[in-house]
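Below is the structure I would like to discuss, written out as structure tokens.
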Amino acid sequence: MKWTAPRPAAALLLLMSALLGGCSNFPSRQPPIWVWWDMKKQDKYKPQAESAFFADGRASRPPVAGTVAQELYRPDRAFSTGIAPDGNYVAQNPLPITKETLVQGQRKFDIYCAPCHDRTGSGRGIVPAKAVWVPGNLHDERIVNFVDGELFHVITNGRRSMPGYRFQISEKDRWAIVAYIRALQRSWRGTMADVPPELQSRVR
Ligand code: HEC
């Protein structure tokens with residue numbers, strides 16, 4: 001069959017329907033004509049708008065003085081910062097050092113710390129293997145001598161080239177990681193005397 005050029009009227013129709021299609025706001029799911037507005041249009045203030053109702057003319061009201069966002073409410077500052085009221089690092093982990101605490105600490109350490117510090121804490125994780133980045137060896141005498149609050153503080157705020165993890169790891173989990181680091185450090189310094197006598201012959 002021979003191709004024939006479309007007649008001008010058909011071409012016009014096509015063009016008009018394409019233009020009308022544009023008017024329907026496609027692909028919006030809103031109907032092009034709103035018969036019932038429901039609550040889609042209503043009197044309201046947009047952020048930063050003006051209002052004659054309030055004396056200062058601002059529609060956005062400041063919170064009542066002394067308001068604290070729930071997620072920023074920290075009744076126990078030592079627990080959330082690792083710094084005691086006297087300004088020193090908290091000496092002792094406030095969590096009970098139980099098996100649950102250590103297991104949770106291990107879980108979180110392996111997720112958040114092991115990529116750089118590796119699972120033993122010696123600092124040979126996969127990140128430093130691929131980049132020029134030298135994480136501290138958590139078994140260094142200097143770090144073993146940190147009090148618990150200083151470890152917590154390093155996890156929370158980072159130190160030098162180490163990033164802080166306060167947004168990723170909850171306070172409780174950070175303290176659990178501190179407990180687990182203590183276990184790692186203890187195991188690193190273990191001697192044959194720490195192995196129960198009946199198991200010593202099996203250690204190689
Ligand atoms: C992205 C890599 C990275 C991750 C992940 C990381 N660290 Fe570090 N960390 C470093 C680096 C790098 C240093 C050395 C910082 C320096 O001295 O410049 C360091 C140092 C430290 C130190 C010693 C600080 C000092 O005073 O020398 C501690 C303690 C520590 N990290 C604990 C942790 C713990 C606990 C985690 C998991 C919550 C963690 N780090 C996760 C990279 C990392």
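In listed order, ligands and their atoms are each counted from 1.
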So, R189 side chain and H139 main chain: donor-acceptor pair closer than 3.5 Å or not?
->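 Judged by distance alone, yes, a pair lies under 3.5 Å.
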Consider ligand 1: state whether an atom of it lies below 4.0 angstrom from any non-hydrogen atom of V127.
->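 In this structure, V127 fails to qualify as a contact of ligand 1 - no heavy atom is under 4.0 Å.
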Can you list, by chain and residue number, the protein N, O or S atoms under 2.8 Å from atom 8 (Fe) of ligand 1?
-> H117 NE2, M162 SD
Verify, without hydrogens or angle tests, whether T101 (side chain) and I97 (backbone) share a donor-acceptor contact under 3.5 angstrom.
-> no
Any R174 heavy atom less than 4.0 Å to ligand 1 |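 No, R174 has no heavy atoms under 4.0 Å from ligand 1.
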More than 12 non-hydrogen atoms from neighbouring residues, nucleotides or ligands closer than 6.0 Å to CD1 on I126, yes or no?
->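 Counting other residues, nucleotides and ligands, CD1 of I126 stays at 12 neighbours or fewer.
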Could you tell me whether the side chain of S60 and the main chain of P47 form a donor-acceptor pair under 3.5 Å?
->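 Judged by distance alone, no pair lies under 3.5 Å.
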Give the numbers and elements of all ligand 1 atoms closer than 4.0 Å to a heavy atom of I181.
->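 This gives 35 (C) as the contact atoms.
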What are the atoms of ligand 1, with element, lying closer than 4.0 Å to any heavy atom of Y112?
-> 5 (C), 37 (C), 41 (C)
Taking everything shown except K44 itself, do over 12 heavy atoms lie less than 6.0 Å from its NZ?
->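 For K44, atom NZ is crowded (more than 12 foreign heavy atoms under 6.0 Å).
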Could you tell me which atoms of ligand 1, counted from 1 in the order shown, lie closer than 4.0 angstrom to a heavy atom of I143?
-> 23 (C)
For L151, the ligand 1 atoms whose distance to one of its heavy atoms is below 4.0 Å |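 With L151 as reference, the close atoms of ligand 1 come out as 29 (C).
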If you measure from atom 15 (C) of ligand 1 to every heavy atom of S161, A114, G164, G123, which option wins on shortest distance?
-> S161
Can you tell me if CH2 on W37 sees more than 12 non-hydrogen neighbours from other groups inside 6.0 Å?
-> no
Please output the side-chain donor-acceptor pairs of residues 85-92 that fall under 3.5 Å, not counting sequence neighbours, one pair per line with the distance.
unit_1	atom_1	unit_2	atom_2	d
D86	OD1	N88	N	2.9
Y89	OH	R159	NH2	3.4

Are R142 and D140 close enough, and set up right, to give a salt bridge (Lys or Arg N to Asp or Glu O under 4.0 Å), and what steps lead you there?
-> CA-CA 5 Å; R142 184 177 63 84; D140 270 355; 5.1 Å; no
re atom 27 (O) of ligand 1, the protein heavy-atom contact at minimum distance is R142 NH2, 2.5 Å
Spell out, as yes or no, whether a donor-acceptor pair under 3.5 Å connects the side chain of Q200 to the backbone of V195.
->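 Side chain of Q200 to backbone of V195: a pair is present.
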Check: N93 side chain, W175 main-chain N or O, donor-acceptor pair, under 3.5 Å =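 Indeed, once roles are kept as given, a pair shorter than 3.5 Å links the two residues.
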Nearest option to atom 12 (C) of ligand 1, as decided by whichever heavy atom of Y165, Y180, F152, W133 sits closest | W133
Just jot down the ligand 1 atoms closer than 4.0 angstrom to any heavy atom of F146, in number order.
-> 26 (O)
Nearest-contact summary for atom 17 (O) of ligand 1 - protein heavy atom, Å = R160 NE, 2.9 Å
Let me know which of L102, L138, I169, V178 forms a side-chain contact (heavy atoms from CB on, under 4.5 Å) with F109.
->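 When L102, L138, I169, V178 are each tested with F109, the side-chain contact (heavy atoms from CB on, under 4.5 Å) holds only for L138.
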